[in-house]
Trainee: 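Quick one: the structure is below, questions incoming.
Excluded from the calculations below are hydrogen atoms, water molecules and symmetry mates; all remaining heavy atoms, backbone and side chain alike, are included.
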Amino acid sequence: MKQGNTGNTKLLFKLMKELGPSGNEINVRNMIKKEMKKYVDKLYADKFGNLICLKKGSGTRIMLAAHMDEIGLMVKKIETNGFLRISTVGSLDTISLIGQPVVILNDKNKEICKGMISFPQFHDALDITELPKLEDLYVDAGVDGTTLKRKGVKIGNYMIPIQSVHQLGSEKIISGKAIDDRVGCYALIELARRLKQIKTKESIYFVFTVQEEIGMYGAKTAVWNLKPDWGIAVDATTAKDSELRGRCIIGTGPYITIKDADMIGNRQINELLQEIAKEKRIPLQLEVDDYGTTDATSIMLSREGIPSTTISVPVRNIHSCAGICNLNDVEYLIQILYHLLIKPQKKYVT
């Protein structure tokens, strides 16, 4: 078994700290663009906001997609007392929001002020007899509605739950916001770095997509013009190693998706990934799930149909304000893709 290298973890932490909710990914894109221009032949942002980075080749066109956006909140209503009612941007577990600090952004992605998420029973220290619904929650910024409006807060402003990035009991175990999918973005940057000096026959498109969390929209538009022969979504997925589920422990390899809620991964690509993992003695796990999906679904259903699958880093508490993952899984994922891309490829047509 190869041990994890984990590369430039400072870059991963920097990516996780940046604010980039669905529909407002520009800060993350600028950060990735600065890194990727060192490793590819061409890059540009398309009309929808995806960042397209090409390592040129003359053979098969391969698309690797990782989404830049993170789950977040949006101001739905400003009440007279200053409480901000919220709408979720992407799927957020309500229970994970309680007591969380948020930063409120203006239209230029600048911080207006901070607030805390609360609800009446929590606010007044009363006994909580049932879990609150989303409509019960509000952001308390500590001032009244008039003051908030004077500061520039308005309906439609983004609000992002903020968490510091931590290394937990082991330096390999990290926690923080936006692991989904800044870990995938980091993996593609590191992969491009390792491939820079290697001549590959294939044209490799590293695609950093927008608006995955609300409908996988960026991948749908990006794939149309790129016309890849096949593709892989590089993402985060739910770890299943609690006492309730008891399998697929973090630190024992990334997952490849056999099936999720909306797609069945391409069998030939999945078999090739498994062959590489076995040959190179890289840990790999198989995922069959009934919930969620990834950009691979958008790739698969584009044009006349494009073979695709997903490889993911398992993350605990994934759709919350502070996920947990093992950096070894990130390194194993990078290694598998590296060996995939330096090996002569064939088209995947079924």
Trainee: When you measure from the side chain of K240 to the backbone N and O of T238, does any donor-acceptor pair fall under 3.5 Å?
Mentor: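 Yes: the side chain of K240 pairs with the backbone of T238.
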Trainee: If I compare all heavy atoms of C113 with all of A141, which pair ends up nearest, and what's the gap?
Mentor: SG-CB, 4.4 Å
Trainee: For E171, is there any backbone N or O sitting under 3.5 Å from a side-chain donor or acceptor partner on Q167?
Mentor: yes
Trainee: Please report the C-alpha distance between V102 and V139 in whole Å, then the side-chain angles of each, then the deciding distance to 0.1 Å, and finally whether the side-chain contact (heavy atoms from CB on, under 4.5 Å) criterion is met.
Mentor: CA-CA 8 Å; V102 302; V139 170; 3.7 Å; yes
Trainee: Do we see a donor-acceptor contact under 3.5 Å between the side chains of Q163 and Q100?
Mentor: yes
Trainee: Regarding E190 and R193, does a basic nitrogen lie under 4.0 Å from an acidic carboxylate oxygen?
Mentor: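 Judged by the 4.0 Å cut-off on N to carboxylate O distance, E190 and R193 do form a salt bridge.
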Trainee: For the pair T147 (side chain) and V143 (backbone), establish whether a donor and an acceptor sit closer than 3.5 Å, ignoring hydrogens and angles.
Mentor: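 It does not hold such a pair.
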Trainee: Among D295, I204, L340, find the residue that satisfies the side-chain contact (heavy atoms from CB on, under 4.5 Å) test when tested with L64.
Mentor: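 The passing option is I204.
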Trainee: May I ask you to decide if M216's main-chain N or O and S298's side chain share a donor-acceptor pair within less than 3.5 Å?
Mentor: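 Yes.
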Trainee: I'd like to know if the side chain of K17 reaches the main chain of S164, judged simply by a donor and an acceptor atom lying under 3.5 Å from each other, with no hydrogens or angles considered.
Mentor: no
Trainee: Output yes when K177 and E70 qualify as a salt bridge under the 4.0 Å nitrogen-oxygen rule, no when they do not.
Mentor: yes
Trainee: Could you go step by step and tell me if T60 and E202 meet the side-chain contact (heavy atoms from CB on, under 4.5 Å) rule?
Mentor: CA-CA 5 Å; T60 302; E202 288 69 38; 3.8 Å; yes
Trainee: To the nearest 0.5 Å, tell me how far E18 CD sits from E25 CD.
Mentor: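 Atom-to-atom, E18:CD and E25:CD are 12.0 Å apart.
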Trainee: Determine, using the 4.5 Å side-chain heavy-atom cutoff (strictly less than), whether I299 and I256 are members of one ILVMFWY cluster.
Mentor: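 I299 and I256: separate clusters.
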Trainee: For E331, is there an ion pair with R194 - N to carboxylate O distance below 4.0 angstrom?
Mentor: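 E331 and R194: salt-bridged.
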Trainee: Does the R316 side chain pair with the main chain of I324, one donor and one acceptor, at a distance under 3.5 Å?
Mentor: no
Trainee: Please check if atom NZ in K259 has more than 12 non-hydrogen atoms from other residues, nucleotides or ligands closer than 6.0 Å.
Mentor: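 Atom NZ in K259 is packed in, count exceeds 12.
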Trainee: Going by atom types alone, do S22 and D69 pair a side-chain donor with an acceptor below 3.5 Å?
Mentor: yes
Trainee: In terms of heavy-atom contacts, does CD1 of I95 have more than 12 from other residues, nucleotides or ligands at under 6.0 Å?
Mentor: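 No.
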Trainee: For the residue pair I52 and A222, what are the closest heavy atoms and their distance?
Mentor: CD1-CB, 4.1 Å
Trainee: Looking just at side-chain N and O atoms, do N225 and D46 make a donor-acceptor pair shorter than 3.5 Å?
Mentor: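 Short answer, no.
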Trainee: Measure the NZ-OG1 distance between K76 and T88 for me, rounded to the nearest 0.5 Å.
Mentor: 9.0 Å
Trainee: To the nearest 0.5 Å, tell me how far I62 CD1 sits from K55 NZ.
Mentor: 11.5 Å
Trainee: Counting only N and O atoms by type, is there a donor-acceptor contact under 3.5 Å from the side chain of S308 to the main-chain atoms of A296?
Mentor: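 Judged by distance alone, yes, a pair lies under 3.5 Å.
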Trainee: Could you pull out the closest heavy-atom pair between A236 and I179, with the gap in Å?
Mentor: CB-O, 4.3 Å
Trainee: Just by distance, with hydrogens left out, do T237 and E287 show a side-chain donor and acceptor under 3.5 Å apart?
Mentor: yes
Trainee: Do side-chain atoms of D180 reach the backbone of I318 as a donor and acceptor pair under 3.5 angstrom?
Mentor: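 Absent.
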Trainee: Do T309 and N270 get their side chains close enough for a donor-acceptor pair, meaning under 3.5 Å?
Mentor: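 Present: a donor and an acceptor within the cut-off.
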Trainee: Surrounding CD1 of I264 (heavy atoms of other residues, nucleotides or ligands, distance under 6.0 Å), is the total greater than 12?
Mentor: no
Trainee: List the steps and the verdict of ring-ring contact (aromatic ring centres under 6.0 Å, His included) for F83 and H123.
Mentor: CA-CA 12 Å; F83 294 167; H123 181 135; 5.8 Å; yes
Trainee: If I compare all heavy atoms of A277 with all of I336, which pair ends up nearest, and what's the gap?
Mentor: CB-CD1, 4.2 Å
Trainee: Could you state whether Y217 and V89 fall into the same hydrophobic cluster, counting links through intermediate Ile, Leu, Val, Met, Phe, Trp or Tyr residues with side-chain heavy atoms under 4.5 angstrom apart?
Mentor: yes
Trainee: Determine yes or no for a side-chain-to-main-chain donor-acceptor pair under 3.5 angstrom, with D229 supplying the side chain and R61 the backbone.
Mentor: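 Side chain of D229 to backbone of R61, a donor-acceptor pair under 3.5 Å: yes, one is there.
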Trainee: Taking K154 first and then D107, would you say they form a salt bridge - that is, a charged N and a carboxylate O separated by under 4.0 Å?
Mentor: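 Yes.
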Trainee: When you measure from the side chain of K77 to the backbone N and O of I155, does any donor-acceptor pair fall under 3.5 Å?
Mentor: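 Looks like no, no N/O pair under 3.5 Å.
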Trainee: Let me check something: do I104 and L134 share a hydrophobic cluster, defined by ILVMFWY side-chain heavy atoms less than 4.5 Å apart, either directly or through other members?
Mentor: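 Yes, one cluster joins them.
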Trainee: State, without any angle test, whether D235 and H67 hold a side-chain donor-acceptor pair at a distance under 3.5 Å.
Mentor: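 Yes, side-chain donor-acceptor contact under 3.5 Å.
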Trainee: Compare all side-chain heavy atoms of F206 with those of L191 and state whether any distance is below 4.5 angstrom.
Mentor: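 Yes. Closest side-chain heavy atoms under 4.5 Å.
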Trainee: Under the side-chain contact (heavy atoms from CB on, under 4.5 Å) criterion, do I334 and Y186 qualify, and how do the steps go?
Mentor: CA-CA 10 Å; I334 295 167; Y186 166 75; 4.2 Å; yes
Trainee: Report yes or no: do T293 and D260 form a side-chain donor-acceptor pair below 3.5 Å?
Mentor: yes
Trainee: For the atom pair CG (L15) and SG (C185), what is the distance rounded to the nearest 0.5 Å?
Mentor: 6.5 Å
Trainee: Write down the atom of P161, the atom of G72, and the distance for their closest heavy-atom approach.
Mentor: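 Closest approach of P161 to G72, heavy atoms only: CD-CA, 4.4 Å.
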Trainee: Does the pair R85/E135 count as a salt bridge with the N-to-O cut at 4.0 Å?
Mentor: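 Salt bridge flag = no for E135 with R85.
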Trainee: Start with the C-alpha distance between L19 and L105, add both sets of side-chain angles, then the distance that settles side-chain contact (heavy atoms from CB on, under 4.5 Å), and finish with yes or no.
Mentor: CA-CA 9 Å; L19 305 178; L105 302 178; 3.7 Å; yes
Trainee: Once rounded to the nearest 0.5 Å, what's the spacing between atom CD1 of I342 and atom CD1 of I198?
Mentor: 5.5 Å
Trainee: Under the side-chain hydrogen bond (donor to acceptor under 3.5 Å, both in side chains) criterion, do T221 and N50 qualify, and how do the steps go?
Mentor: CA-CA 9 Å; T221 60; N50 303 297; 3.2 Å; yes
Trainee: What's the shortest heavy-atom distance between V234 and L333, and which atoms?
Mentor: CG1-CD2, 3.7 Å
Trainee: Within this structure, what is the NE2-NZ distance for the pair H339 and K280, rounded to the nearest 0.5 Å?
Mentor: 5.0 Å
Trainee: Do W230 and W224 share a hydrophobic cluster, counting only Ile, Leu, Val, Met, Phe, Trp and Tyr and linking them when any side-chain heavy atoms are less than 4.5 Å apart?
Mentor: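 No: no chain of side-chain contacts under 4.5 Å links W230 to W224.
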Trainee: Evaluate side-chain hydrogen bond (donor to acceptor under 3.5 Å, both in side chains) for D144 paired with N81, printing each intermediate quantity in order.
Mentor: CA-CA 5 Å; D144 62 26; N81 61 6; over 6 Å; no
Trainee: State yes or no: do V40 and M68 share one hydrophobic cluster built from I, L, V, M, F, W and Y residues joined by side-chain heavy-atom distances below 4.5 Å, directly or via other members?
Mentor: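 Yes: a chain of side-chain contacts under 4.5 Å links V40 to M68.
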